[in-house]
Amino acid sequence: MIFFNAFLVAGLFCFGAQVLMDNTKLTPGHITSIFVVLGAVLSFFGLYPKLIEFGGAGATVLISNFGHMLYTAGIEGFHEVGVLGFASGLLTKSSLAVVSAVIFAFIFALLFKPKN
Amino acid sequence: MRKEEYQKLVAEYTPKENKWKNAVVAFLVGGLVGFLGQVVVSVLQNSLGMEVMESYSWLCVILIFVASFCTALGFFDNWVSKCKAGLFLPTTGFAHSVTSAAMDYRKDGFITGLGSSFFKLAGSVILYGILSGFFLSILGVIFYG
């Protein structure tokens, strides 16, 4: 059942993003930014953890998960070291995604040339 | 040719974006990414005995690797333009934007090209993610303690 839910959650988010894009003048850059903020907002209202519980990886593969991770890492940072933790803790969880994207992108840019 | 006739002809040859088809494709492709992600996560948990959070982290790295690699090989651009939101809304879109920017601007040099344009496309995601995460987490501590 979790497999079906994962399909449903990821599919519906992408569906929403596509409908938004086709009916407005927003670019993919706008859409991804909106969905990151949406992830943080959903996390603020306690909904994103429920979404992950329901849809499993279907919720964590989305870019909205980035916003969710930033939000929860900020909260955890505060509980660990106090006010400074909002800043020092904020990127701890999303570091994995950013650093691996940087490493792979750099290595592949060295090894491969663009086709056109 | 009269003006109206010409405009009619232009309208005929302008490619029509089928909105419903786009949305259905985005739903199916995005859903497939989520489904495959869940398969990977389940395999990692059941076969390798990973904890849930750890498996999600590995999935994130795997997705970024695959999207970066496919972008480097040159066919991912085509896929993204066909599948649209189905591929740019998942983490694959983030990896794709960073890798394609790195490859495209490398010709302008490592500092002035690759370096300064690296986050050209992904920068807004990081900026608005950090802004919203920072202020909302402060609000969250105020509201929920």
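Chain letters run A, B, ... following the sequence lines, proteins first and then strands; every chain starts at 1. This is a predicted model, so every value here is computed, not measured.
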Do [X] and [Y] have side chains that approach each other closer than 4.5 Å (heavy atoms only, starting at C-beta)?
X	Y	value
Ile107(A)	Phe69(B)	no
Val37(A)	Leu136(B)	no
Phe88(B)	Ile63(A)	no
Phe108(A)	Thr71(B)	no
Phe118(B)	Val102(A)	yes
Tyr144(B)	Ile75(A)	no
Thr32(A)	Phe94(B)	no
Phe27(B)	Phe7(A)	yes

Do you know which of [options] has the most heavy-atom pairs with chain A at a distance under 4.5 angstrom?
options	value
Val24(B), Leu73(B), Thr92(B)	Leu73(B)
Thr99(B), Leu36(B), Val40(B)	Thr99(B)
Gly74(B), Ser55(B), Gly86(B), Cys60(B)	Gly86(B)
Ser57(B), Cys83(B), Ser132(B)	Ser132(B)

At a heavy-atom separation under 4.5 Å, does [X] approach chain A through its side chain, its backbone, both, or neither?
X	value
Val39(B)	both
Leu28(B)	both
Val41(B)	side chain
Ser42(B)	side chain
Leu131(B)	neither

Is [X] linked to [Y] within one hydrophobic cluster, defined over Ile, Leu, Val, Met, Phe, Trp and Tyr using a side-chain heavy-atom separation of less than 4.5 Å?
X	Y	answer
Leu12(A)	Val25(B)	no
Met1(A)	Leu8(A)	yes
Met50(B)	Ile2(A)	no
Val43(B)	Val33(B)	no
Leu59(B)	Phe35(B)	no

Taking all atoms of both residues into account, what is the closest heavy-atom pair of [X] and [Y], and its distance?
X	Y	value
Val19(A)	Ala23(B)	CG2-CB, 3.9 Å
Gln18(A)	Ala26(B)	CB-CB, 3.6 Å
Leu114(B)	Ala109(A)	CD1-CB, 4.1 Å
Met103(B)	Phe112(A)	CE-CB, 4.0 Å
Ile64(B)	Ser100(A)	CD1-OG, 3.7 Å
Ala10(A)	Gly34(B)	CB-CA, 3.7 Å

Specify whether Phe143(B) and Phe44(A) have parallel, tilted or perpendicular ring planes, treating 30° as the upper limit for parallel and 60° as the lower limit for perpendicular.
->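 The rings of Phe143(B) and Phe44(A) sit tilted, inter-plane angle from 30° to 60°.
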Output the distance between atom [atom1] ([X]) and atom [atom2] ([Y]), rounded to the nearest 0.5 Å.
X	Y	atom1	atom2	value
Phe13(A)	Leu89(B)	CZ	CG	8.0 Å
Ile31(A)	Ser124(B)	CD1	OG	11.5 Å
Lys107(B)	Lys113(A)	NZ	NZ	12.0 Å

Under a 4.5 Å heavy-atom cut-off, does chain B meet the side chain of [X], its backbone, both or neither?
X	result
Ile52(A)	both
Val61(A)	both
His68(A)	neither
Val41(A)	both
Phe78(A)	side chain
Leu110(A)	both

Kindly determine whether Ile126(B) and Val36(A) satisfy side chain to side chain contact (heavy atoms under 4.5 Å, CB included), including the steps that lead there.
-> CA-CA 9 Å; Ile126(B) 296 178; Val36(A) 168; over 6 Å; no
Option that, when pairs with chain B are counted at under 4.5 Å, heavy atom only, ranks first among [options]:
options	value
Gly55(A), Ala17(A), Gly56(A)	Gly56(A)
Ala101(A), Gly77(A), Ala73(A)	Ala101(A)
Phe86(A), Phe66(A), Phe15(A), Phe45(A)	Phe86(A)

Asn65(A) vs Thr91(B), side chain to side chain contact (heavy atoms under 4.5 Å, CB included): CA-CA, chis, key distance, verdict = CA-CA 9 Å; Asn65(A) 195 52; Thr91(B) 320; over 6 Å; no
Would you confirm whether Ser137(B), through its side chain, and Tyr71(A), through its main-chain N or O, come within 3.5 Å as a donor-acceptor pair?
->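 Pair absent, no side-chain N/O of Ser137(B) close to backbone of Tyr71(A).
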Do the side chain of Gln38(B) and the main chain of Ala57(A) share a donor and acceptor less than 3.5 angstrom apart?
->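 Side chain of Gln38(B) to backbone of Ala57(A): a pair is present.
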Give the intermediate values and the outcome of ring-ring contact (aromatic ring centres under 6.0 Å, His included) for residues Tyr128(B) and Phe35(A).
-> CA-CA 10 Å; Tyr128(B) 293 109; Phe35(A) 273 79; over 10 Å; no
